[in-house]
Amino acid sequence: MKNLKFSWEVRSELQLRGDNGDESLRLSAVDIERGRLFFASSANFIYTTQLATPQTEGAWNKSSLAASTQLDLEAGDFITCLDYLMEKEALIIGTSKGHLLLNSVDDDATEIVGQVEGGVACISPSPDGDLLAMITGFGQILVMNVDWDLLYEMPLDDLPDGVDVHGSTFSNDCFYEASISWRGDGKYFASLSKVHDSFPLHKKLKVWERDSGVLHSDSDPKPFMGSVIDWNQIGTKIATVYDKREDKKCPYIVLYEKNGLERSSFSINEGINVTLEFLKFNCNSDLLAAVVRGETVDTLKIWHFSNNHWYLKQEIRYSKEDRIKFMWDLTNPLKFICWTLDGRIITCKFVWVTAVIGNSIAFVIDGSRILVTPLSLSLMPPPMYFLDLEFPNAVRDVSFCPKTSQNCLAASLSDGSLCIVELPLLDQWDELEGQTFRVEASYSGKNIGPLLHLAWLDSHVLLGVSCFGSGHCNFSKRNSLDGDVRPGYYLLEIETRCSEDLIPSSVTCSGWQSETLHQIYLEEVVVGIVSNSPTRCSAFVQFEGGKTFEYTSKLGLNRGVSLQRCDEMNFLSSCPWMDIAPVGGYTRDKPLLLGLDDNGRLHLEGRILCNNCSSFSFYSNSGDKMITHVVIVTKQDLLFIVDVGDIVHGELEKKYENFLPIVAKNRKGENESIFINIWEKGSQIVGVLHGDESAVILQTPRGNLECVYPRKLVLVSIINALANRRFKDALQMVRRHRIDFNIIVDHCGWQAFIGSAADFVQQADNLSYVTEFVCAIKCEDVMETLYKNYASLSCIKGDKVVRYGEPKSTDSDNKVSSVLMAIRNALEAQIEENPARELCILTTLAKSSPPALEEALRRIKVIREMELSAATDPKRLTYPSSEESLKHLLWLSDSEAVFEAALGLYDLNLAAIVALNSQKDPKEFLPLLQELERMPQLLMQFNIDLKLQRYESALRHIVSAGDPYDEDFMNLMRKVPELYPLGLQLVSHPHKRQRILEAWGDHLNATECFEDAATTYLCCSCLEKALKAYRACGNWTGLLTVAGLMKLVKDDLLQLARELSEELQALGKPRDAAKILLEYCGDVPNGISLLVDARSWEEALRIAFLHRRDDLVRVVKDASLECASTLIGEYNEGVEKVGKYLTRYLAVRQRRLLLAATIKSDEISGGHLNDETASQASSNFSGMSAYTTGSRKGSSASTSVSTSTKGRGRQRNRGKIRAGSPDEEMALVEHLKGMSLAEGAKCELKSLLICLVMLGEEDTARKLQRTAEKFQLSQIASVKLADDSMSVDSIDEHAFNLDSYIQNVRKQLHNSAAFSWQSKILG
């Protein structure tokens, strides 16, 4: 579903050197490597010229510099064949008298390499250049190698026996009747041979083997026209021509297979007397071109094969006297070169463009027909179509302008005429299906030639490019634009109008007139034109090289320059595919102008958006037709949906990884919303369906159409419908595309949806859809989970725009119940009472969280009572039967849960009905119901509550049952301890309250909640149990207080105090143990010893001086000196460890950064990780391990002190660091942070320093303070250095230096709270 669009054309002219003035070009050859063209003329001249390009020649080059060489041939001898041998870099030339000449182009030397009897009629080198096949004037096929050795020879025709092949003479026109075509791989070649015993004279297609010259296959005798034959490059088809004059028909192009069997054929749709010459496939074998010689004009036709149909995609007319010939470019399948007898050379370039334009309407060109298919109404591939437009001549270019009331189509025909068709709106096309409309050419009064690059400026103004002054564009040289104008390209502005009355619902294809309003001569080649917004009456014109101009119509608001440069919108190179995207809401005045070049680069405003794009299109879900997304297909067959906002804000690299296939596929596991894998290679975008359709139409290489619905576009359409409160459309899209129904609720938060629940129910207008929606509601926020990766999903609520990613309510527990309650209220308010409504309401109750089964059963119970009542109530008809309602509820819910809910209503009859309808065995439920029925009411309710684990209700019922059930009351609280507070509220009798409190205390004591247990025991005066509880939790103050309440004797109290002191020592609380010994036992020596163990140096010294014990003062002094010595050693060792850990961290960090840079560069280049680079990085930064150095052992005293103290010294590192592990880097940082001084260590250090000064050890205190300060500065500086290095991409040894960081930390933090333990006098 594509058209072959004219892209650009460059023309030049050879200055022929013949003396007699009637010299003409006959033969051509090409050197594709060096871009040279060779021509042989009737005067035996060889002309050499360069291939013309828009960059070198411009739009119109009147003359071309060409080297010429005249061959010195015998009188009457002339050139009959010409080809270029790439291996020898020379021309091989055959003459009518049989000379084989090798002409070296560079040094202009010619040598005779062979002589052939009868003359040379045809020379055809094999595709690999190793062999030469030629046909002689005597009808012999000769095959020789490049050394001019004859390999084999065989006759071309099937001659009768006894006929001398050397008896015939050579004719001057013989070279027109002989040709050879090789298969692309060079294994076979084909020729046409005469069948001499047939009348009229028929021919056979013969296929020969390369290696031996044996006839591989031949066809039946057929009326082949001339010697026209060509074998496509892929080797599947051999194209020939049938002469159908005897059948009164025009020629047919026939396709043969290698085995000589006819495969297919098609008519060229011309007159009977035309002849067809130069039938050639392009290098891709997808286009077939031929020159058709007519009575008045010569026509170059180009066909394309798709879906088993040959489409005439282009028809170019030339004047009869030009005798046009052509050749395809050997490397570019869409480029060919034409030349005329008088030396004019035309280089043409085509591009494939999608036939889907406008409102997703396909206009497929097929000769003089346009096959029209609105894809939004009918998705059918060509050659099928919805309606057919027939034109007087072949169509070359089309342009479509969708309007609000009518749709206009402009078509430029090969004869230079312009046709206009006005089509109705799409919703009025139903009656047009299958019809054929004949379109008349518009009347203009003058022939302006075929218009190319058509574009609508307005609904009645066209812009196009016309050329004047050559047989190509103006086959009638007598016509002109405005009198005498110079030849070249002109940009024309044409106004169209219709003289007939327009009927809105019909097709208007006649009565049109056109008038040229304005024309501009163009110096450069036009690559493309795209219309700007119809309201601006302007268009963007792209010239060769990507230069962009804006053309503004004189009818528009701009009265200034018509063609104005737009340098800010230039492309970096020529982009044959160009389209414009009007955008809104991004603070932009100009639209987005995107272009795609031949190398797959997608351009925008001087930058590259994508380097591997194969096709692109636009999508809009906006009511004002503003483009919201760009659809891109890459060469790796990946489909990307790109937000326009991402393009405007420059976030493509961040979100789409520059569309690189390796990076995108690596990310697919974590984010499947980035792209879609296209299942068939080579598929192209042909169009999109805008709005709620949200579809992308792809065409595969086989020709069939595939319609895909990208999840991102579907979600955007749903959100857009919800934002505009089109709930019915959104619901239909959700069901059609199997989207989670929760998006309707979560797109703006469920609180916002609750306010719209009534509109949702009213618009849905289908209770089945509402029921389906209700069943799908869940607590999960799908915008944060399932559709989290689909960016730019937005919702509009009033004047506020809420976009994905902004905080919304996180209270998901109430979501289901609140939403379903809103739906239920809306059903009751908006929908009339009917059975379906009641079932939908039951669904909302069953699907609530938690399910409101009891309320649902109450509604069913009401229906049951209405059925059992004798009176006839008309309201009964608005409800379903109780049995249907109950079965519906059981289908939605767990049957056991419904049975328990029926029991919870204390309605045994209802419970029995539920059990029967849920297919339960009567043996399971009948005994239970019978037993409950025999119980008193309160006892029955108590047992039901126990079964349903409704313990609070059970407790209330058993209390109401009276004193006989006190034991059941207590047992229930012991079973469910959470009921103790409620039990105290329900009971007022003091004795019962004491029992409850004691039982509660026993429970707390059993669960090791000793503090709460002791308090509870005190409330009920159980002092012994309270004493044991305090002792179990280690609360010695509370224990001794309770001992006082119990009035223990002195000896028992002293014994208890010593036992407590020993227990506290065992628990690692020497300070508390010392306090008990000093206050309750009067044991000063042991108390001071415990204070020393607790490192309470000042307190120990105070107690020693209090009791005037010099010996105890000496003990404190010795212990403090030993502790200071140990700490100095530990801090010095800590400084060393900090340095080693930091060095190791920097080495690991540097290696990780190097590997990350290598991986990133390899991913971009599409390669793999360089193992050699990784190995080199590993060896350069291996370093010395920081984990093998052992710690120095301290003294026994310091060891005992450290083990008996909690939170002392440096914080311990958690976990083990493994060298070379993935988490080694972070583990090193955490270890450095864990080496910091704890708050307890700082307090103990400060106390030790004061104690040393008091004892006269000022030097020791100063040394300890300086060592500790050095360690703390090193630790803080190393952590800061490590944190700073995490945010950089490279490690600078001079910038990340520990000594400089230590100096900075000393300046910044020396007087902070972190160093408050220091003494200024010791600094």
Do [X] and [Y] have side-chain N/O donor and acceptor atoms under 3.5 Å apart?
| X | Y | result |
| --- | --- | --- |
| E1239 | W1317 | no |
| D746 | Y787 | no |
| Q1265 | E1269 | no |
| Y1017 | D1002 | yes |

**Prompt:** Does K1242 NZ have over 12 foreign heavy atoms under 6.0 Å away?
**Reply:**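 Atom NZ in K1242 is crowded, with more than 12 foreign heavy atoms closer than 6.0 Å.
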Less than 3.5 Å apart, which donor and acceptor atoms pair up between the side chains of residues 1109-1118 and the rest of the protein, not counting sequence neighbours?
from	atom 1	to	atom 2	distance (Å)
R1109	NE	D1111	OD1	3.3
R1109	NH2	D1111	OD2	3.1

**Message:** Can you tell me how the ring of F1271 sits relative to the ring of Y1131, calling it parallel under 30°, perpendicular over 60° and tilted otherwise?
**Reply:**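 Ring orientation of F1271 relative to Y1131: parallel.
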**Request:** Please report the closest heavy-atom contact between A1013 and L1004, naming both atoms and the distance.
**Result:** CB-CB, 3.7 Å
**Request:** Identify the two heavy atoms, one from R1095 and one from S1247, that lie closest to each other, and give their separation to 0.1 Å.
**Result:**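 Looking at all heavy atoms of both residues, the shortest contact is O-OG, 4.3 Å.
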**Asked** Checking side chain to side chain donor-acceptor pair (under 3.5 Å) for the pair S1285/Y1145: CA distance, chi angles, key distance, verdict?
**Response** CA-CA 10 Å; S1285 66; Y1145 166 77; 2.8 Å; yes
**Prompt:** Looking at residues at least two apart in the chain, or sitting in another chain, which of them share a salt bridge (charged side-chain N to carboxylate O under 4.0 Å, His left out) with E1062?
**Reply:**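 Salt bridge (charged side-chain N to carboxylate O under 4.0 Å, His left out) check on E1062 returns nothing, list empty.
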**Message:** One thing to verify: whether R1262 and E1257 come together as a salt bridge, which I'm taking to mean a side-chain N less than 4.0 angstrom from a carboxylate O.
**Reply:**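 Looking at R1262 together with E1257, the answer is no, because their closest N to O distance does not fall below 4.0 Å.
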